[in-house]
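One structure is given below, encoded as structure tokens.
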2 protein chains.
Amino acid sequence: MQQRLAAAGLRATHQRILILESLLVLPGHPTAEQVHRQVMANTPTVSLGTVYKTLDSFVEVGLTKRVASADAQCRRYDSDCSEHHHLYCTDTKEIIDYCNPQLDALIRDFFAKQGLENFQPHSFSLHIAGTRVS
Amino acid sequence: MQQRLAAAGLRATHQRILILESLLVLPGHPTAEQVHRQVMANTPTVSLGTVYKTLDSFVEVGLTKRVASADAQCRRYDSDCSEHHHLYCTDTKEIIDYCNPQLDALIRDFFAKQGLENFQPHSFSLHIAGTRVS
DNA sequence: CTTTTGTGGAGAATCATTCTTACCTGTGAC
DNA sequence: GTCACAGGTAAGAATGATTCTCCACAAAAG
């Protein structure tokens, strides 16, 4: 944990370690609020403001990402920084991570061949809306 | 305009017509605030609360969509309800609509063949992050 | 015409997020 | 060790977007 922070150029303070750990432990795409609750379970003196600021600095240095959400009234963070896609269940509003290297390759190839006018793509993320079936 | 509202099952009031027109006129993905300003230019008596409520009801009946945005501090609406993708410029934070039927077909085929476990996809939207080049 | 229902305006209330301020802690210079 | 400093943190105020409440009004139904 300390190494990851150091590698990112952040001082490995107690709070940052806790917040990073909490983020990794929490499933899915937690909000700042949820991270704060998780942190509080361990150390009840960390303030919500610190969680916000720390998460933002994590995003800045690439330790975490913000996930886009159309209806969210609040921001969500994703500790998985590798490229991946999202399944969005329109019933439960759940967002599920989805990883598929074949799909990545397909998309990458498509844009390598076709190209985009006036735009240099760096990363792709497919948002798949639908419903869960049992 | 009236027909579109009626078809969606909404009473075609003066305010709704105005808001729908404003939404169509505004380029890109306006915020409720921007729609309100546009509406005010024409009829300065429409309240911001009405714009919010009306936009939400438009989303409910499918007259408009919310666009997902990772860093947005506020919601944005998209009057273009056809399937399309988004180019996101990491420099200017601009979101540009991008439409490509070939790409749609490619993705559709991929999932038609492969399928997803426990998930029935309805629509796809690709988020392409990168930078604009002149 | 009267009743019923849906709609809109104004502003208060709420919620997430950011900012401000003052305090604290670890670090390096001496 | 001690001093000064820089960065980090807590607490709460401030902000900004969104939602809610409440009342008035207008349109449709009977």
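Everything numeric here is computed off the predicted structure, so don't read it as measured data. Quick note on labels: first sequence line is chain A, next is B, and so on, each numbered from 1.
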Exercise. Does the side chain of B:H84 come under 3.5 Å of the side chain of B:D78 through a donor N or O and an acceptor N or O?
Worked result: yes
For this session: Not counting sequence neighbours, which residues clear salt bridge (charged side-chain N to carboxylate O under 4.0 Å, His left out) with B:E83? List them please.
Result: B:R108
Seminar exercise, completed: By ring-ring contact (aromatic ring centres under 6.0 Å, His included), A:F119 pairs with (sequence neighbours left out) none
For this session: Anything under 4.0 Å to a heavy atom of chain A counts; send over the first and last such nucleotide of DNA chain D, read 5' to 3'.
Result: D:dG7 to D:dA10
Seminar exercise, completed: Residues at least two apart in sequence or cross-chain that pass ring-ring contact (aromatic ring centres under 6.0 Å, His included) with A:F58, listed by chain then number, are none
For this session: Using whole Å, report how far CG of A:L48 lies from C1' of C:dC19.
Result: 14 Å
Exercise. Linking Ile, Leu, Val, Met, Phe, Trp and Tyr through side-chain heavy atoms less than 4.5 Å apart, which residues share a cluster with B:Y88?
Worked result: B:I95
For this session: If you link ILVMFWY side chains whenever their heavy atoms are less than 4.5 Å apart, which other residues fall into the same cluster as B:V67? By chain and number, please.
Result: none
Problem set entry | Any pair counted as side-chain hydrogen bond (donor to acceptor under 3.5 Å, both in side chains), so long as it reaches residues 42-55 of chain A, sequence neighbours left out | A:S47-A:T50
For this session: Check each residue of residues 19-35 of chain B for a non-hydrogen atom within less than 4.0 Å of any atom in DNA chain D, then write out the ones that pass by number, or none.
Result: none
Seminar exercise, completed: Residue set satisfying side chain to side chain donor-acceptor pair (under 3.5 Å) with B:H127, at least two apart, ordered chain then number -> none
Seminar exercise, completed: Readout for nucleotides 5-14 of chain C: B = base within 4.0 Å of protein heavy atom, S = sugar-phosphate only, - = neither; 5' to 3' it is -SSBBS----
For this session: Could you note down all residue pairs passing ring-ring contact (aromatic ring centres under 6.0 Å, His included) where residues 12-46 of chain B supplies at least one of them, sequence neighbours left out?
Result: B:H29-B:H86
Seminar exercise, completed: Across all chains, not counting sequence neighbours, the ring-ring contact (aromatic ring centres under 6.0 Å, His included) partners of B:F110 are none
